[in-house]
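Have a look at the structure below, then the notes.
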Amino acid sequence: MSKTNVSSSGSRILRVLKALRGHALNGISNGELAAALHESPANINRALNTLIEEGLALKLENGRFINEINQRVISGSRL
């Protein structure tokens, strides 16, 4: 049985996006994400920067991160 070729960085980005769920009010820190996903803070930072660049995450004023789509839903915006 052959193993499917999967992008490890792509998988990491998707795991970070999933981990942002449930943190819409106060956000979650880079360190908390790193600990929860058993990744280095540098890897989490790269994934978050990709998500922010693509409009899927947002860095709050307090330095924590949220899923941009969740923020829009909470604020009542249309997608």
Side-chain angles (χ1 to χ4, degrees):
M1 189 165 164
S2 65
K3 184 177 177 184
T4 304
N5 224 359
V6 177
S7 167
S8 62
S9 61
S11 294
R12 182 181 305 112
I13 291 167
L14 291 173
R15 286 194 319 273
V16 169
L17 183 61
K18 289 177 186 178
L20 290 172
R21 289 185 302 199
H23 299 281
L25 296 178
N26 297 321
I28 187 169
S29 72
N30 179 311
E32 291 167 331
L33 284 167
L37 298 174
H38 307 289
E39 292 280 353
S40 72
N43 283 341
I44 297 298
N45 192 53
R46 281 191 289 277
L48 285 167
N49 285 338
T50 300
L51 291 168
I52 290 167
E53 181 69 25
E54 293 299 323
L56 297 173
L58 178 69
K59 186 173 184 177
L60 300 174
E61 290 179 14
N62 63 7
R64 297 168 75 82
F65 299 89
I66 60 169
N67 180 319
E68 174 65 15
I69 293 171
N70 285 345
Q71 183 62 26
R72 290 181 189 185
V73 169
I74 288 170
S75 68
S77 297
R78 293 184 182 176
L79 296 177

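Remark: N62 CG is packed, more than 12 non-hydrogen atoms of other residues, nucleotides or ligands lying under 6.0 Å away.
For the atom pair OG1 of T50 and CG of L17, the computed distance is 11.5 Å after rounding to the nearest 0.5 Å. Distance check, rounded to the nearest 0.5 Å: CD1 of I13 to CG of N49 gives 10.0 Å. Rounded to the nearest 0.5 Å, atoms CG (L51) and CG (L20) are 6.5 Å apart.
Under the side chain to side chain donor-acceptor pair (under 3.5 Å) criterion, the residue pairs touching residues 27-38 are S29-E32, E32-R64, with sequence neighbours excluded.
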Please set out all donor-acceptor pairs under 3.5 angstrom arising from side-chain atoms of residues 40-47, sequence neighbours excluded.
residue: S40; atom: OG; partner: N43; partner atom: N; Å: 3.1
residue: S40; atom: OG; partner: N43; partner atom: ND2; Å: 3.4
residue: N43; atom: OD1; partner: R46; partner atom: NH2; Å: 2.3
residue: N43; atom: ND2; partner: E39; partner atom: OE1; Å: 3.3

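Shortest non-hydrogen contact noted between I66 and G27 is CG2-CA, 3.5 Å.
Connection of I52 to L37 is established within a shared hydrophobic cluster, with ILVMFWY side chains joined at heavy-atom distances below 4.5 Å, either directly or through further cluster members.
With sequence neighbours left out, K18 forms a side chain to side chain contact (heavy atoms under 4.5 Å, CB included) with R21.
The side-chain heavy atoms of V16 and L48, taken from C-beta on, include a pair separated by under 4.5 Å.
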